[in-house]
Amino acid sequence: MKRKPIIKPEVNPCFFYGEIVKWDFREKITPAHGKFVFRFTVTFANGAVVQKEEGGFTTRKQCQLGREQAITRLNNHEYVIFKVTVRDFFDYWLYYHMIDEVKITYNTFSHYKGIIDNYIIPLIGNKKMTSILRDTLINVLNNIESPSVLSNAYAVIGGAFKYAKSRNLVNMNFALSAIKTKRAMEKKKKRSEGSCKSIKRPTLTLKQILDLFWLCKKKYPDLFLPLIITATTGCRVSELIAIKFTSINIKKGEITIKNQLGRKIDDSDVETGDVYKQTLKPKSHAGERKSAIPEFVVEEILVAKERYDYWKSITPGFQDNGYIWYQLNGRSHGKYDYSKPFNALKSELGLPEDFHWHDLRHSYTTIMVENKANLKELSVALGHYDELLTLNVYTDSDQINSHGVPEYDSFIDEILPSDEPQVIDCAFSQSFLDYVLPNGVA
C-alpha cells in the first residue's frame, strides 16, 4: 500500500526567528511629516534584527509616552512585531512546531488537522492573529457539535494560542477565557436539559470484571494477560502492545510504561506491515510511569515468559523482540488484535455493545475512585499530567478524594507537563488487588 507523504506548506520565515531576546530604542524622538515617531531595533533568538518605527504622535510628550509603553509591552511579551494571519500561523504551528518540536504522532496530527481545516480556517483563517478575541474563539467552538471533537478543539486552540503568546504573535491570549466560557455554557446546557453530569463512558462493575477474567482465561487464554494488565493498571492499548518482559520488575511487582506503538509522521522508510507498530514516546512526559501490578498478574507474566522462551526455541525466524503480548513469530500485536475474542467475550457475558477495550481504563479508574484513591496519585498512574484531565474525563467530581489537589480554577491547557517523567509506586493499587483477586483464576 502506497502511503501519501505529508507535505509541509511554505511559511513566513519570521516564524523561525524565535523569541525576542533584545531590543534597543533610540533616545531621540524624531519629527516626521508634522508629527513625531520613535524608532528601535528588535533582536530575535536566531540573531535576526528587525527595524521598527511607531509614529503619528501629535506631540513629543505623547511620542515619549508611546515609547515607554512599547518598552513595557516588550517586557511583558505583549509587543507584536509580525501581524500574521490565523491560516499562516496554524500552518507553522501544526507542521513545524507540533511535528518537528513536539513530535506528535500521526493520529494526533490527523485529529488536529481535521479541527484546523474544518472549523478554524473556514471561520477565521483570513483574520490577523492580533484581531482574535474571546468571542471570536467562542464562535469557533460553538460550531462544533461533537463532544469528542470539541474536547480536541480545546487542546488545539488552547495549546496554539498559548504558543502564539510565547512567541509574541498575539498581544493577549484569549483562548483560556474562551474555553472556560464554552465549558460553562456546555455545563449550563446540560443542566437545563436535566443532566448536570458529563456523559461518561460505560464501565464494568467488579463482578463483571471478575466474570470477564474467568471466562477469558477459560476460552481465550492468549488474551488473558493483556486483559488483566489493562484492567489492573489502566494502561492504553498503544502502551499495552509496547510492554516488554524487560519492563517488568518481578520482585517489586511493577511495570514500567515508557513507550507506545503507533505511526510516526515520517514513515517513508518503514515497511508497510510495521507502519502502525513503530516505537513512540508516550502521549506526554507524564505518560512515562511505573504501575504496581497484583500478584496474580505477576504470576501470569512468569508463565507467559516460559511460553515465550519455548516458542522462541522451536520457531524458525522468531523475532526476539521481547513483547509480553506477542504473535507466534515474536512480532508485536496490533492495536486491534483483541477485537474478535473481546467481542465474543462481551456477547457471551451480556456486556454492553458500546463497551470498548479502552473502557477497561475507565473501569479501573472507577474502582480506584470507589476505593478512595487520591486523585493526584491516580492521575499519575493513568499517565495524565494533571488531575483535571482525570476529573473531567474519567470520573464524577462527587466521588473524588481531593486531598492534596489544588483549586480547579486553572484550565488544564495552562499547565505544562513536567520535563521529568512522573513516576509513582502506586501503593494504593494494592486495594485493587485485594478487591479483584478472583478465586480460582490466578
Side-chain angles (χ1 to χ4, degrees), residues 201-245 247-248 250 253 255 257 259-262 273 276-277 291 293-312 315 318-319 321-367 429 432-433 435-442:
R201 291 294 313 161
T203 58
L204 298 185
T205 65
L206 175 62
K207 183 180 184 307
Q208 288 173 317
I209 289 179
L210 298 182
D211 289 343
L212 190 64
F213 283 0
W214 182 82
L215 188 62
C216 183
K217 185 163 189 178
K218 180 179 179 182
K219 290 196 170 183
Y220 303 99
D222 290 340
L223 188 66
F224 183 61
L225 181 58
L227 176 69
I228 60 177
I229 288 177
T230 301
T232 57
T233 66
C235 68
R236 303 174 179 90
V237 67
S238 58
E239 297 168 339
L240 169 70
I241 60 178
I243 296 175
K244 298 185 177 185
F245 288 107
S247 306
I248 311 300
I250 296 297
I255 288 180
I257 297 173
N259 294 306
Q260 60 176 328
L261 297 187
Y276 291 95
K277 296 182 180 180
S291 291
I293 48 176
E295 185 178 346
F296 76 94
V297 176
V298 173
E299 292 174 357
E300 288 295 330
I301 290 173
L302 291 172
V303 173
K305 184 61 167 66
E306 292 180 2
R307 287 198 301 267
Y308 180 91
D309 291 339
Y310 170 75
W311 284 112
K312 182 174 69 172
T315 306
F318 186 90
Q319 295 188 20
N321 296 317
Y323 290 111
I324 280 185
W325 190 29
Y326 59 93
Q327 302 180 60
L328 293 184
N329 61 3
R331 290 171 60 87
S332 65
H333 272 285
K335 285 181 66 174
Y336 303 104
D337 287 358
Y338 64 83
S339 297
K340 189 173 181 179
F342 187 65
N343 288 335
L345 284 169
K346 289 197 304 180
S347 177
E348 189 163 345
L349 290 171
L351 300 179
E353 283 189 23
D354 62 344
F355 183 86
H356 302 294
W357 183 274
H358 186 77
D359 295 323
L360 291 168
R361 179 172 166 88
H362 291 250
S363 298
Y364 164 81
T365 308
T366 299
I367 290 178
S429 290
F432 188 88
L433 165 62
Y435 212 53
V436 305
L437 183 58
N439 294 326
V441 170

Roughly how far, to the nearest 0.5 Å, is [atom2] of [Y] from [atom1] of [X]?
X	Y	atom1	atom2	answer
Leu212	Leu204	CG	CG	6.5 Å
Phe318	Leu328	CZ	CG	8.5 Å
Ile250	Leu302	CD1	CG	4.5 Å
Ile301	Phe296	CD1	CZ	10.5 Å
Ile209	Asp211	CD1	CG	10.0 Å
Leu223	Lys217	CG	NZ	13.5 Å

Shortest non-hydrogen contact from [X] toward [Y]:
X	Y	result
Tyr323	Phe245	O-CE1, 3.5 Å
Val237	Lys335	CG2-O, 3.5 Å
Leu225	Ala304	CD2-CB, 3.6 Å
Glu353	Lys346	O-NZ, 3.1 Å
Ser238	Ile241	O-CG1, 3.5 Å
Leu360	Phe342	CD1-CE1, 4.5 Å

State, yes or no, whether a side-chain contact exists between [X] and [Y] at a heavy-atom distance under 4.5 Å.
X	Y	result
Tyr326	Arg307	yes
Thr230	Trp357	yes
Tyr338	Asn343	no
Ile257	Leu240	no
Ser332	Asn321	no
Ile243	Trp325	no
Gln327	Gln319	no
Ile293	Ile229	no

Counting distance only, does the side-chain N/O of [X] pair as donor-acceptor with the main-chain N or O of [Y] below 3.5 Å?
X	Y	answer
Tyr308	Gly322	yes
Glu239	Arg236	yes
Asp359	His356	yes
Thr315	Lys312	no
Asp337	His333	no
Gln208	Thr205	yes
Ser363	Thr203	no

(message) Here's a test for you: under side-chain contact (heavy atoms from CB on, under 4.5 Å), which of Ile228, Leu227, Asp222, Leu349 qualifies with Cys216?
(response) Leu227
(request) Could you tell me how the ring of His362 sits relative to the ring of His358: parallel (under 30°), tilted (30 to 60°) or perpendicular (over 60°)? (result)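 Plane angle over 60°, so perpendicular.
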